[in-house]
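Please read these numbers as outputs of a predicted model, since none were measured by experiment.
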Amino acid sequence: MCLRFSAAMPLSTQSQADDEQYVLVASLDNARNLSNILKAITFKDHAIFNATPNGLKVTVEDSKCLQANAFIQAEIFQEFTIKEDLVGFQVNLTVLLDCLNIFGGSSVPGVSTALRMCYGGYGFPLTLFLEEGGVVTVCKINTQEPDEPIDFEFCSTNVTNKVILQSESLKEPFSELDMTSEVLQITMSPSQPYFRLSTFGNSGNAHYDYPKDSDMMELFQCTKTQTNRYKMSLLKPSTKALALSCKVSVRTDSRGFLSLQYLVRNDDGQICFVEYYCCPDEEVE
């Protein structure tokens, strides 16, 4: 069993002494602010959690070809206490989200569930205290030693092309992408077509073009023409982040590796970031 439930005192009555046993304590007035951002990177069961004094980074990977990171800054939490420079663990993300959604997913307008997330260090479970209407549920989820995340060696100095778009401009095309196409082809160029998405499915080829002076284009920095193909199956999970976001940065480096960085506003108007890295399937001459 990796999950245990119990009841507890209301969070407001828990003393600071209770926190002494933990190396990490993070509290939110609205648990949905965490569950929404985690849903944006949920495509595998397990996630690596790395906490620093700056906040929380949650990483999910697939086949050494795709990596998603959610960045939740310390300021977003009402309380964020960490006793070490780095606290890391691996946890079943599906189980964690189930706990947040079942016990912290109130859909009643004006009603939110408070969350207190505590971790006692290596070998200890991740403990969630979820309080709604004075009732506290405690969930304990087993943790594992974290794997080392893949380093895609994607750095800004090697970025050749970058555009920032309002997410609305991508939501419709992504919802209409021909999923019978095995790849999504992305062309970025200083000249026409500037920024193009292409699919090659059963019903034929389709192209979506974005002029560099479009109202939806907030930034256009392309130094050379690049056309790369990416497996549709790898990019599909990123549409969850797209649906939540208001802006998206699309970058490619000299190798054709793709970075999709999404700016997400939570229910309280605070900003979090979700980033997907994807390796190219093939380069197109």
In terms of heavy-atom contacts, does CD of Gln270 have more than 12 from other residues, nucleotides or ligands at under 6.0 Å?
-> yes
Distance from Asp45 atom CG to Thr94 atom OG1, nearest 0.5 Å?
-> 3.5 Å
Write down the atom of Val250, the atom of Met188, and the distance for their closest heavy-atom approach.
-> O-CE, 3.6 Å
Side chains of Leu128 and Val138: closer than 4.5 Å at any heavy-atom pair?
-> no
Nearest 0.5 Å please: distance from the CD atom of Glu61 over to the CG atom of Asn69.
-> 8.0 Å
Between Phe220 and Tyr194, does the ring centre distance come in under 6.0 Å?
-> yes
Is any side-chain heavy atom of Val60 closer than 4.5 Å to a side-chain heavy atom of Phe43?
-> yes
Show your working on side chain to side chain contact (heavy atoms under 4.5 Å, CB included) between Asn101 and Ser35 and close with a plain yes or no.
-> CA-CA 7 Å; Asn101 292 332; Ser35 63; 3.8 Å; yes
Have a look at Glu275 and tell me which of Ser249, Ser238, Ser259 forms a side chain to side chain donor-acceptor pair (under 3.5 Å) with it.
-> Ser259
Quick one: closest heavy-atom pair of Met217 and Lys212, and the distance?
-> CG-O, 3.6 Å
Asp62 side chain to Gln67 backbone, donor-acceptor under 3.5 Å = no
Check whether Phe124 and Leu24 end up in the same hydrophobic cluster, where Ile, Leu, Val, Met, Phe, Trp and Tyr are linked by side-chain heavy atoms less than 4.5 Å apart.
-> no
Okay, side chain of Ser167, backbone of Lys247: is any donor-acceptor separation there less than 3.5 Å?
-> yes
Could you please spell out the steps behind the side chain to side chain contact (heavy atoms under 4.5 Å, CB included) verdict for Cys272 and Ile76?
-> CA-CA 8 Å; Cys272 301; Ile76 285 173; 3.2 Å; yes
Just distance, no hydrogens or angles: give the donor-acceptor pairs under 3.5 Å from side chains in residues 148-155, sequence neighbours left out.
from   : atom 1 : to     : atom 2 : distance (Å)
Asp151 : OD1    : Glu153 : N      : 2.8

CA sep, side-chain torsions, deciding dist, call: Phe89, Tyr119, ring-ring contact (aromatic ring centres under 6.0 Å, His included) | CA-CA 9 Å; Phe89 55 89; Tyr119 176 62; 4.4 Å; yes
So, do Thr42 and Leu97 sit near enough that their side-chain heavy atoms are less than 4.5 Å apart?
-> yes
Tell me, with the steps shown, if Asn266 and Ile37 meet side chain to side chain contact (heavy atoms under 4.5 Å, CB included).
-> CA-CA 8 Å; Asn266 65 22; Ile37 203 81; over 6 Å; no
What distance do Ser245 atom OG and Gln166 atom CD have between them, rounded to the nearest 0.5 Å?
-> 11.0 Å
Is Ile102 linked to Leu34 within one hydrophobic cluster, defined over Ile, Leu, Val, Met, Phe, Trp and Tyr using a side-chain heavy-atom separation of less than 4.5 Å?
-> yes
Reported CG-to-CG distance for the pair Leu115 and Asn33, which is rounded to 0.5 angstrom = 10.0 Å
Would you call Lys231 and Glu182 a salt bridge, using N to O less than 4.0 angstrom?
-> no
Spell out, as yes or no, whether a donor-acceptor pair under 3.5 Å connects the side chain of Asn161 to the backbone of Lys224.
-> yes
Are there more than 12 heavy atoms of other residues, nucleotides or ligands under 6.0 Å from atom NZ of Lys39?
-> yes
Nearest heavy atoms of Thr252 and Leu258, plus distance in Å | CG2-CD1, 4.0 Å
Taking C-beta and beyond as the side chain, do Cys99 and Ile141 meet within less than 4.5 Å on heavy atoms?
-> yes
Phe200 ring centre to Arg229 NZ or CZ under 6.0 Å, with the angle to the axis within 45°?
-> yes
Locate the shortest heavy-atom distance separating Leu170 from Leu197; write the atom from each residue and the value.
-> CD2-CD1, 3.9 Å
Would you check, one step at a time, whether the test side chain to side chain donor-acceptor pair (under 3.5 Å) holds for Thr225 with Ser189?
-> CA-CA 4 Å; Thr225 299; Ser189 173; 2.8 Å; yes
Ile164: hydrophobic cluster co-members (side-chain, 4.5 Å) | Leu219
Phe257 with Phe273, same ILVMFWY side-chain cluster at under 4.5 Å | no
Tyr210 (side chain) donor-acceptor with Ser169 (main chain) under 3.5 angstrom | yes
Does Tyr122 have any side-chain contact (heavy atoms from CB on, under 4.5 Å) partners at least two apart in sequence or in another chain, and if so, which?
-> Glu145
Are Thr187 and Phe195 side-chain neighbours, meaning at least one heavy-atom pair lies under 4.5 Å?
-> no
Flag, side chain of Ser214 to backbone of Met216, donor-acceptor distance under 3.5 Å | yes
Leu28 side chain reached by Gln78 side chain, heavy atoms, under 4.5 Å | yes
Least distance between heavy atoms, Val264 atom then Ala241 atom = CG2-O, 4.5 Å
Calculate, to the nearest 0.5 Å, the distance between atoms CG and SG belonging to Leu234 and Cys279 respectively.
-> 6.5 Å
Decide side chain to side chain contact (heavy atoms under 4.5 Å, CB included) for Ser156 and Asn158; before the verdict, give the C-alpha distance in whole Å, the side-chain angles of both, and the deciding distance to 0.1 Å.
-> CA-CA 5 Å; Ser156 56; Asn158 290 333; over 6 Å; no
Joint cluster assignment, Leu263 & Phe174, ILVMFWY side-chain distance < 4.5 Å = no
Taking only Lys NZ, Arg NE, NH1 and NH2, and the carboxylate oxygens of Asp or Glu, determine whether Glu79 and Arg116 approach each other closer than 4.0 Å.
-> yes
Any side-chain heavy atom of Gln226 within less than 4.5 Å of one from Ile186?
-> no
Between Leu56 and Ala51, what is the shortest heavy-atom contact and its length?
-> CD1-CB, 3.8 Å
Kindly compute the distance separating CG (Leu184) from CE (Met232), expressed to the nearest 0.5 Å.
-> 5.0 Å
Give the intermediate values and the outcome of side chain to side chain donor-acceptor pair (under 3.5 Å) for residues Thr223 and Thr160.
-> CA-CA 6 Å; Thr223 60; Thr160 52; 5.1 Å; no
Report yes if the side chains of Leu66 and Tyr276 come closer than 4.5 Å at any heavy-atom pair, otherwise no.
-> yes
Given the rule that I, L, V, M, F, W and Y join up when any side-chain heavy atoms are under 4.5 Å apart, are Val159 and Leu260 in one cluster?
-> no
